[in-house]
J.: 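Following this message is one structure expressed as structure tokens.
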2 protein chains.
Amino acid sequence: MKEKELRRSLAVLPIGTVMKLTNLSARQIRYYEEQQLVTPKRNEGNRRMYSLNDIDRLLEIRDFLDEGINMAGIKHIYDDEARKKAQKKAQLEKPLTDTDVRKILRDEFMSVSGLARDDEFSFKHNKNF
Amino acid sequence: MKEKELRRSLAVLPIGTVMKLTNLSARQIRYYEEQQLVTPKRNEGNRRMYSLNDIDRLLEIRDFLDEGINMAGIKHIYDDEARKKAQKKAQLEKPLTDTDVRKILRDEFMSVSGLARDDEFSFKHNKNF
DNA sequence: CATTCAATGTTACTTTTTCTTACATGATTT
DNA sequence: AAATCATGTAAGAAAAAGTAACATTGAATG
């Protein structure tokens with residue numbers, strides 16, 4: 001469903017439309033952008049252009065505000081989300097390095113065997129593992 | 001899926017966006033409207049606002065033109081479509097009459113059996129079928 | 001071949017929309 | 001009370017879009 005994703009991220013809506021769809025004022029919408037909660041594209045003439053994803057985000061912001069959460073709170077929520085997403089993505093993108101694999105195996109081994117001493121069973125410095 | 005239908009018919013796009021999405025000039029888009037091939041909404045300020053359905057329609061028109069079909073031809077196609085759709089809708093709204101049922105059955109029978117002659121197998125004038 | 005017509009381009013001028021910036025205001029928070 | 005947050009409002013400039021008229025081009029037709 002890559003197609004749908006693309007459509008939802010297409011910046012095709014002017015701010016006037018967004019105002020109607022979200023019941024937010026232009027001032028509010030621009031302010032939320034200033035606060036980095038949305039990042040609309042700009043067209044050649046410097047007009048803000050919004051995607052369906054942006055609309056969703058703005059509706060969500062509106063709901064958060066209605067719930068009494070302030071800008072800082074909302075920012076925090078989105079920062080959290082972004083961090084988690086970035087981490088998950090990073091994991092999926094590049095497969096584990098050798099070092100990662102060694103670390104995971106060692107950790108696994110340790111937790112299973114209960115070994116935690118730097119003894120003959122340690123993998124430390126064992127480049128051939 | 002009434003939700004989706006609604007979204008697709010929401011007039012949210014200004015002509016500038018439509019130009020980009022369809023690769024048509026403003027002149028072309030307005031001309032097709034003049035020819036009644038599309039009927040965008042207008043906002044309070046009299047600016048044309050298009051829906052996703054309108055976009056589809058315009059892309060289709062573009063394709064027809066590319067195929068060498070002229071306005072008249074395209075109009076005809078859409079008129080046909082509209083007539084068929086209206087008919088189907090009318091059918092769905094009020095259940096079939098006895099006459100309709102008889103006609104449908106006869107047509108079906110004819111096409112299956114290959115009979116087309118006015119002979120002893122004909123249902124013509126057989127009110128009791 | 002000259003004419004006509006359909007489809008589109010172009011230009012001029014007006015109105016609407018959007019932009020930025022600055023200042024104002026009513027709640028909170030400190 | 002002073003500061004800060006979220007939003008409103010106003011001014012002036014730039015961009016987008018509207019209509020209307022005339023221009024161009026390619027295809028069909030007498």
Side-chain angles (χ1 to χ4, degrees), chain A residues 10-55 57-79, chain B residues 10-80:
Chain A
L10 266 188
V12 293
L13 308 171
I15 201 169
T17 294
V18 177
M19 291 172 65
K20 287 177 195 158
L21 294 179
T22 61
N23 280 311
L24 293 169
S25 69
R27 184 69 167 91
Q28 286 175 300
I29 297 169
R30 296 198 194 104
Y31 182 66
Y32 303 155
E33 177 182 357
E34 197 178 309
Q35 302 297 313
Q36 325 236 34
L37 298 184
V38 276
T39 51
K41 294 278 186 305
R42 297 287 183 123
N43 71 4
E44 321 72 50
N46 197 39
R47 267 88 247 273
R48 292 172 178 82
M49 299 300 287
Y50 298 83
S51 70
L52 292 179
N53 281 333
D54 290 331
I55 299 283
R57 171 63 69 105
L58 287 168
L59 289 172
E60 203 174 30
I61 293 171
R62 204 191 54 183
D63 289 347
F64 284 147
L65 288 173
D66 283 352
E67 289 176 40
I69 304 175
N70 64 8
M71 289 292 119
I74 299 175
K75 267 187 239 187
H76 187 265
I77 292 170
Y78 287 136
D79 286 354
Chain B
L10 267 188
V12 293
L13 308 170
I15 202 169
T17 295
V18 177
M19 291 172 65
K20 286 177 194 158
L21 294 179
T22 63
N23 280 309
L24 292 168
S25 69
R27 184 67 166 94
Q28 288 176 297
I29 297 169
R30 296 196 194 107
Y31 182 65
Y32 303 154
E33 177 182 357
E34 197 178 311
Q35 302 297 311
Q36 326 237 34
L37 299 183
V38 276
T39 51
K41 293 278 186 306
R42 297 288 182 122
N43 72 2
E44 321 72 53
N46 197 37
R47 266 87 250 274
R48 292 173 177 82
M49 299 301 288
Y50 299 83
S51 71
L52 292 180
N53 282 334
D54 290 330
I55 299 283
D56 284 346
R57 170 64 69 106
L58 287 168
L59 290 172
E60 203 176 28
I61 293 171
R62 205 191 53 184
D63 289 347
F64 283 147
L65 289 173
D66 284 351
E67 289 176 41
I69 305 176
N70 65 7
M71 289 292 120
I74 300 176
K75 268 187 236 184
H76 188 266
I77 291 170
Y78 288 136
D79 285 354
D80 260 20

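Computed from a prediction, not measured in an experiment: that's the story for all the values here. All heavy atoms count here, side chains included; hydrogens, waters and symmetry mates do not.
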J.: Would you list the protein and nucleotides 22-28 of chain D atom pairs, both N or O, that sit under 3.5 Å from each other?
T.:
none

J.: Of all of residues 43-51 of chain B, which get a heavy atom below 4.0 angstrom from DNA chain C, listed by number?
T.: Asn43(B), Gly45(B), Arg47(B)
J.: Show me the pairs that pass salt bridge (charged side-chain N to carboxylate O under 4.0 Å, His left out) and involve residues 36-54 of chain A, at least two apart or across chains.
T.: Glu33(A)-Arg42(A), Glu33(A)-Arg48(A), Glu44(A)-Lys20(B)
J.: Distance-only check: which donor-acceptor pairs under 3.5 Å involve side-chain atoms of residues 66-73 of chain A, not counting sequence neighbours?
T.:
from: Asn70(A); atom 1: OD1; to: Ala72(A); atom 2: N; distance (Å): 3.4
from: Asn70(A); atom 1: OD1; to: Gly73(A); atom 2: N; distance (Å): 2.9

J.: Between residues 15-25 of chain A and DNA chain C, which residues have a heavy-atom gap below 4.0 Å?
T.: Ile15(A), Gly16(A)
J.: Run the side chain to side chain donor-acceptor pair (under 3.5 Å) test against Asp80(B) and tell me which residues pass, sequence neighbours left out.
T.: Arg83(B)
J.: Specify the separation, in whole Å, of atom CD of Glu33(A) and atom C1' of dC19(C).
T.: 11 Å
J.: Which residues pass the side chain to side chain contact (heavy atoms under 4.5 Å, CB included) test with Thr39(B), not counting sequence neighbours?
T.: none
J.: For Gln36(B), what residues pass the side chain to side chain donor-acceptor pair (under 3.5 Å) criterion, not counting sequence neighbours?
T.: none
J.: Between Tyr32(A) and dT7(D), is there a side-chain N or O to OP1/OP2 distance below 4.0 Å?
T.: yes
J.: List for me each residue that meets side chain to side chain contact (heavy atoms under 4.5 Å, CB included) alongside Leu52(B), sequence neighbours excluded, and say none if there are none.
T.: Arg8(B), Leu13(B)
J.: Between Gln28(A) and Arg30(B), who's closer to the 5' end of DNA chain D by nearest nucleotide?
T.: Gln28(A)
J.: Cation-pi check for Tyr32(A) against Arg57(A): NZ or CZ below 6.0 Å from the six-membered ring centre and within 45 degrees of the axis, yes or no?
T.: no
J.: Just to confirm, is there a sub-4.0 Å distance from OP1 or OP2 of dT8(C) to any side-chain nitrogen or oxygen of Tyr31(B)?
T.: no
J.: When the distance from CG of Leu13(A) to C1' of dA16(D) is rounded to whole Å, what number comes out?
T.: 16 Å
J.: Which ones in residues 57-68 of chain B lie close to DNA chain C, meaning a heavy atom under 4.0 Å from one of its atoms?
T.: Leu65(B)
